[in-house]
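I have placed the structure first, in the form of structure tokens, so that the comments after it can refer back to it.
All values below were derived from every heavy atom in this structure, side-chain atoms included, with hydrogens, water molecules and symmetry-related copies excluded.
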Amino acid sequence: MTESTTGFSVINHIGITVSNLENSIIFYEALTGKKIANKDEIGGKRMAETQGLDDTLIKFANLHLDNVNIDILEYVEPKPSKAHYSNGQISAMHMCFEVDDIDAAVARLKTIGVNPDGKPIFFETQDGLKSGFGTGVAYFTDPDGTNLELIAPKGPFTRG
């Protein structure tokens, strides 16, 4: 990888803290159609210090997608607490999966037991946009409530 003088431009992974690693592996493998590449654990004082903790033990799995990796993390130590984020809360984040067809993708979600949070839409002028019309979006959550999205991008929502 070459060093960039303009900043950070490549995402290596997105980490998702979960309540049960095994259940989340089943969910994310079914969702993505990919198998985990690695399952391991890490912990101790040195790792804890990187996160400003006294001690830590993390069970994790790595899932490699075509353009980014997902790290699925179950904290054994310190004992985790559940966050309650909605997309409208400051510091809330979501992960968005790009698809070709929103309707087909939502149908696939339903076959693995996942229902969208609401009805999928395709962007129109009434949504207040100046461009990107026809882009389809749908929102859903993983078993722990992590905010996830599907997008079938058009116009400025496509990656160049």
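In plain terms, the two heavy atoms of N147 and T141 that are nearest each other are OD1-CG2, 4.0 Å. The two residues F122 and G134 make their nearest non-hydrogen contact at CD2-O, 3.5 Å.
Residues forming a salt bridge (charged side-chain N to carboxylate O under 4.0 Å, His left out) with E22 (at least two apart in sequence, or on another chain): K39. For H94, the side-chain hydrogen bond (donor to acceptor under 3.5 Å, both in side chains) partners are E149, not counting sequence neighbours. With sequence neighbours excluded, the residues satisfying ring pair (Phe, Tyr, Trp, His ring centres under 6.0 Å) with F123 are F157. Under the side-chain hydrogen bond (donor to acceptor under 3.5 Å, both in side chains) criterion, N67 pairs with no residue at all, not counting sequence neighbours. Residues satisfying the salt bridge (charged side-chain N to carboxylate O under 4.0 Å, His left out) criterion with K154, sequence neighbours excluded, are absent altogether. The salt bridge (charged side-chain N to carboxylate O under 4.0 Å, His left out) search around E29 returns K35, not counting sequence neighbours.
Atom OH in Y85 sits 11.5 Å away from atom NZ in K82 (nearest 0.5 Å). We find the CD1-CG distance between I72 and N23 to be 11.0 Å, quoted to the nearest 0.5 Å. Separation of atoms CG (L63) and CD1 (I70) is listed at 5.0 Å; rounding is to 0.5 Å. With rounding to the nearest 0.5 Å, the separation of OG in S24 from CD1 in I36 is 11.5 Å. Atoms CG and CG, on L21 and L73 in that order, are 8.5 Å from each other to the nearest 0.5 Å.
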**Request:** Carefully, step by step, assess N62 and N69 under the rule side-chain contact (heavy atoms from CB on, under 4.5 Å).
**Result:** CA-CA 7 Å; N62 309 110; N69 299 327; 5.9 Å; no
I'd like a table of donor-acceptor pairs (distance under 3.5 Å, sequence neighbours excluded) in which one partner is a side-chain atom from residues 12-19, with atom names and distances.
from : atom 1 : to   : atom 2 : distance (Å)
H13  : NE2    : D71  : OD2    : 3.3
S19  : OG     : D144 : OD1    : 2.6

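Applying the ring pair (Phe, Tyr, Trp, His ring centres under 6.0 Å) definition to pairs two or more places apart or across chains, none involves residues 20-41. A salt bridge (Lys or Arg N to Asp or Glu O under 4.0 Å) check over residues 57-66, counting only residues at least two apart or in different chains, returns the pairs K34-D66, K59-E74. For residues 91-108, the salt bridge (Lys or Arg N to Asp or Glu O under 4.0 Å) pairs, not counting sequence neighbours, are E98-R159. Contacts classified as side-chain hydrogen bond (donor to acceptor under 3.5 Å, both in side chains) and involving residues 119-129 (residues at least two apart or in different chains) are given here: E124-Q126. Applying the side-chain hydrogen bond (donor to acceptor under 3.5 Å, both in side chains) test to residues at least two apart or on different chains, the pairs with a partner in residues 42-55 are Q51-Y75.
Side-chain contact check for L31 versus V114: every heavy-atom pair is 4.5 Å or farther apart. By the 4.5 Å heavy-atom criterion applied to side chains, T135 and F133 are not counted as neighbours. Side-chain atoms of P78 and T56, non-hydrogen and from C-beta on, do get closer than 4.5 Å to each other. Looking only at side-chain heavy atoms (C-beta outward), K110 and N115 come within less than 4.5 Å of each other. Side-chain contact between I151 and F97: absent, with no pair of heavy atoms (C-beta onward) separated by less than 4.5 Å. A heavy-atom distance below 4.5 Å is not found between the side chains of Y139 and L150.
Partner of P120 under the side-chain contact (heavy atoms from CB on, under 4.5 Å) criterion, chosen from V106, L109, V137: V106.
When the side chains of ILVMFWY residues are joined at heavy-atom separations under 4.5 Å, either directly or via intervening members, V68 and I25 end up in a single hydrophobic cluster. When the side chains of ILVMFWY residues are joined at heavy-atom separations under 4.5 Å, either directly or via intervening members, L53 and V76 end up in two distinct hydrophobic clusters. Both M95 and I11 are assigned to one and the same hydrophobic cluster, defined by single-linkage of ILVMFWY side chains at heavy-atom distances under 4.5 Å.
Heavy-atom neighbours of M93 CE from other residues, nucleotides or ligands within 6.0 Å: at or below the threshold of 12.
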